[in-house]
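Structure record follows, encoded as C-alpha cells.
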Amino acid sequence: MAGPGLLLAARCSALVPSASLSRASLSPLCLAPLSSTLTTRTMRAVHVHCVRARQHHQHRSASSSTAQQPPSASRQLPHVVVLGTGWASHRFVRDIDHNKYHVTVVSPRDHMLFTPLLTSTAVGTLEHRSIIESIRATASERHFDFQQAQVTDIDFDNNKVMCQSAVYSNDEEPERFPIPYDFLVVGIGAVPNTFGVPGVKEHAFFLKEASDARDVRRRIHDCFEAASFPMKTAQEIEDLLTFVVVGGGPTGVEFAAELTDFLREDCTRLYPHIQHRPRVILLEASGAVLSAFDSSLRQYALRRLERQDCHVRLGRSVKEVKRHEVVLDNGEVINTHCIVWSTGVGPRALVKSLDERYLTENKQHIRVDRGLKIANTQNAFAYGDCARIDGYILPAVAQVAEQQGKFLADEFNRATPQREVGCDTFKFASSGMLAYLGHYGGVAKIAVPTPDDVTNVKLSGLTAWLVWRMGYLTKLGRWRNRLQVPFDWLKTMIFGRDPTKF
Ligand SMILES: Cc1cc2nc3c(=O)[nH]c(=O)nc-3n(C[C@H](O)[C@H](O)[C@H](O)COP(=O)(O)OP(=O)(O)OC[C@H]3O[C@@H](n4cnc5c(N)ncnc54)[C@H](O)[C@@H]3O)c2cc1C
C-alpha cells in the first residue's frame, strides 16, 4: 500500500500539474470551481503545500519504484475532502459526480451503519454485518479514495485537514498526516450526551456504533450465564437479570422493546433452569415516552410497553451511575449489571475544538447557512448531526442528514463558473416517524403527499410494525443488505436468536 505521504503527493501532483501553479495549466474543469471559490491567498497556500508534497513524492518514488497510486489521483480535478461515512456523507459520495471531482473520504469508520436497525442487532434479532455497508466497496465502485483515519484539526485558512490513523500501526504513535483540499465537506455526526451525569461513561453502554450493539449483546449473554452459576443467591440473580434503559426516545424505547422480545421468545427456551423473571426498566426524565409523536400514539406506546412487561418509570432522572447501581433523583437505587444510556447527542471533540467563528452560539454545532456553507468560510460545508442551519432548526435524524447529503451533492454537480456550490437553499421534507414497540407492534406517523399539501397518517399496532419493517427494508442501500436483513428476520422467527458469544 502507498503511504500517506505518497498518497498526498500523488493527489497534489494531480491538483498542481506543473512546478509553478498557473491558472492556464489547469484543466477547465479544475479551474472553474477553484476560481469561483478560492482566494489568491488560499491558492498560494495550496500551491506551496503541494510543491512540498510533490518533492516528498519524488523522493519516495526514487526509493520505491513499485509504490502504488490511488486510481483517481492522476486526474486533474478539484479535490473534495469528505469527513465521515455516516448518513450524510454516504449519500453525498454516492451522488456526487466523480467525473467532475476527485473525492477523498476520511473517517475512522470503514462502513456506513444503518442506525435505525442497530437496536435489533443488540439482542441478536439481526446480525451486525447485515446492517453495515463497506465504504471500500463503495469507493471501488464509485472511484473515490478512502483514508481510515480521524480528522483531529481543520485549518480553514490553509485548506487542509490533519488526520490521525485509525488502523494498526507498527509505531507506538498513530501515524499523522495532512490532506489539502479545494472543498471540504464535514459530516462527523455527534456523540452520546451524558449530561455530565457521573459514572455514565465508565459504567453504561451506549447505542451509537455497531461495536456498542455488540458489547450490549455480550453483556446480556454474560448476565444470563452468570445467573446460571450454582452458588448464586436469589438477590444476585435478580440483580443480574435487571436491565435498565435510560431515555424514552425512539432508541431507548426500541431497545427496550427488542429486549422484551428476546426475554419472552428466547430466554425461557435457552435458560429454563432460571426461575427468576428478568426485568426491563425504562427510565424517562420527562412525562412521556416518544415525545416527538402525537399524544394518542404516545399513550398507545406506553400501554403497549407495559403490556410487554417493560416497567416504564416516567419523570425519573438518573443522578449517578455506579458499577452495579443506578441512583435516581429521589434517592432510589436500582441494582443492575446492564445499563444502556440513550438520552440524545452532543458535539464531537473536533467540533468543540473549532474556533467560535465557525460555531453556533452555544458551541454545540457547526454553523451553516441554508446552502450548508460553514459560516466565515468560502469552500467548506457541513451537514447532518454536527451542523445547524442558521434560523432553521431541524431534528438530529438520519432523514435530515441523508437529504442534506443529496442536496449538497446536487449543488456540487450543478456548479459552474457562474454558479457557486450552495447558492440554492436546503428544505427538509419529512417522510414521517416510526418506532418499534415489540411483539409485532409499533407506532408510525407517515407523511402522505396530497395535491395541495402533506397529510400525516397515524398508525399503531401490527400495521405500523409492517410499515416499519417494509420502510427500513427499502431504505437499505445495497442488495446484499436487503437480502441479509429479511433472511435474519426469518432465521430468528424459525430458530430463535443466536445466544453465543465470541
Ligand atoms: C440507535 C440509533 C437509532 C436511530 N434511529 C433513527 C431512525 O430510526 N430514524 C432516523 O431518522 N434517525 C435515526 N437515528 C439518528 C441518525 O442515525 C443520525 O441522525 C444520523 O446518523 C446522522 O448522520 P450523520 O451523517 O450526521 O452522522 P453519523 O451517521 O453519526 O456519521 C458520522 C461519521 O463521521 C465519522 N467521524 C466521527 N469523527 C470523525 C472525525 N474526527 N474525522 C472524520 N470522521 C469522523 C464517524 O465515524 C461516522 O462515519 C438513530 C440513531 C441511533 C444511534
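All ligand and atom numbering here is 1-based and tracks the order in the structure. For clarity, every value in this text was computed on a predicted model and none was experimentally measured. Counting from 1, the numbers follow the sequence of the chain as shown.
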Against E258, only a single residue in T121, T125, T119 fulfils side chain to side chain donor-acceptor pair (under 3.5 Å); can you say which? T125
Polar side chain donor-acceptor pair, D155 to N158, under 3.5 angstrom: yes
Examine A396 against ligand 1 and note whether any of their N/O atoms are separated by less than 3.5 Å. yes
Contact region, F92 to ligand 1, non-hydrogen atoms below 4.0 Å, reads neither
Among side-chain atoms of S211 and E209, is any donor-acceptor pair under 3.5 angstrom? no
Heavy-atom proximity to atom 22 (C) of ligand 1, best of T251, D385, V400: D385
For A401, atoms of ligand 1 separated by under 4.0 Å from a heavy atom: 22 (C), 23 (O)
Which bit of R348 gets closer than 4.0 Å to ligand 1, counting heavy atoms only: side chain, backbone, both or neither? side chain
Residue and atom name of the nearest protein heavy atom (relative to atom 27 (O) of ligand 1), distance in Å to one decimal: G189 CA, 3.3 Å
For ligand 1 and Q150, I'd like to know whether there is a polar contact (N/O to N/O, distance under 3.5 Å). no
Honestly, is R367 close enough over Y358, meaning NZ or CZ under 6.0 Å from the six-membered ring centre and within 45° of the axis? no
In terms of ring plane angle, is the pair H79 and H102 parallel, tilted or perpendicular, where the classes change at 30° and 60°? parallel
Run the salt-bridge test on D488 and K491 with the 4.0 Å N-O cut-off and return the result as yes or no. yes
Q399 heavy atoms within 4.0 Å reach ligand 1 at atoms 11 (O)
Based purely on interatomic distance, does Y472 place a nitrogen or oxygen under 3.5 Å from a nitrogen or oxygen of ligand 1? yes
Identity and distance of the protein heavy atom lying nearest atom 30 (O) of ligand 1: K208 NZ, 3.5 Å
Tell me, which protein residue and heavy-atom name are nearest atom 25 (O) of ligand 1, and how many Å apart are they? A88 N, 2.9 Å
Is there any N or O on T115 that sits under 3.5 Å from an N or O of ligand 1? yes
Taking atom CZ of F195 as the centre, does the number of heavy atoms from other residues, nucleotides or ligands within less than 6.0 Å exceed 12? yes
Ignoring hydrogens, just give me the one of L434, I154, L207, V345 whose non-hydrogen atom is nearest atom 53 (C) of ligand 1. L207
If you draw a 6.0 Å radius around CD in E361, do more than 12 non-hydrogen atoms from other residues or ligands fall strictly inside? no
Ligand 1 atoms nearer than 4.0 angstrom to some heavy atom of P116 are 5 (N), 6 (C), 7 (C), 8 (O)
Residue, atom name and distance, where the atom is the protein heavy atom closest to atom 31 (O) of ligand 1: G86 CA, 3.2 Å
Ligand 1 to G187, heavy atom cutoff 4.0 Å, flagged ligand atoms 32 (C), 33 (C), 34 (O)
Side chains of R357 and T377: donor-acceptor distance under 3.5 Å anywhere? no
Do D261 and Y440 have a side chain donor and acceptor closer than 3.5 Å? no
Any N or O on S89 sitting closer than 3.5 Å to an N or O of ligand 1? no
Heteroatom distance test (T85, ligand 1): nitrogen or oxygen, under 3.5 angstrom: yes
Just distances here: any N/O of T119 and N/O of ligand 1 closer than 3.5 Å? no
Could you tell me the residue and atom name of the protein heavy atom closest to atom 20 (C) of ligand 1, and the distance to it rounded to 0.1 Å? W87 CD1, 3.5 Å
Say whether N159 and N379, considering side chains only, have a donor N or O and an acceptor N or O under 3.5 Å apart. yes
Counting heavy atoms only, which of I188, V191, T152 is nearest atom 34 (O) of ligand 1? I188
Does F412 have its ring centroid less than 6.0 Å away from the ring centroid of F92? yes
Where does A398 meet ligand 1, judged by heavy-atom distances below 4.0 Å: at the side chain, the backbone, both, or neither? both
So is P108 close enough to ligand 1, meaning a heavy atom under 4.0 angstrom away? yes
With heavy atoms under 4.0 Å as the rule, classify the contact between V151 and ligand 1 as side chain, backbone, both or neither. both
Suppose I only count heavy atoms of G384 and a 4.0 Å limit; which atoms of ligand 1 are within that range? 26 (O)
Tell me, yes or no, whether the heavy-atom count around K201 atom NZ, taken from other residues, nucleotides or ligands under 6.0 Å, exceeds 12. no
Assess the side chains of T343 and W341: does a donor N or O sit below 3.5 Å from an acceptor N or O? yes
Ignoring hydrogens and angles, state whether a donor on the side chain of T260 or D309 is under 3.5 Å from an acceptor on the partner side chain. no
Shortest protein contact, atom 46 (C) of ligand 1 (heavy atom only): S107 OG, 4.0 Å
Compute the ring centroids of F205 and F243, then answer whether they are less than 6.0 Å apart. no
For ligand 1, which part of V106 has a heavy atom less than 4.0 Å away: the side chain, the backbone, both, or neither? backbone
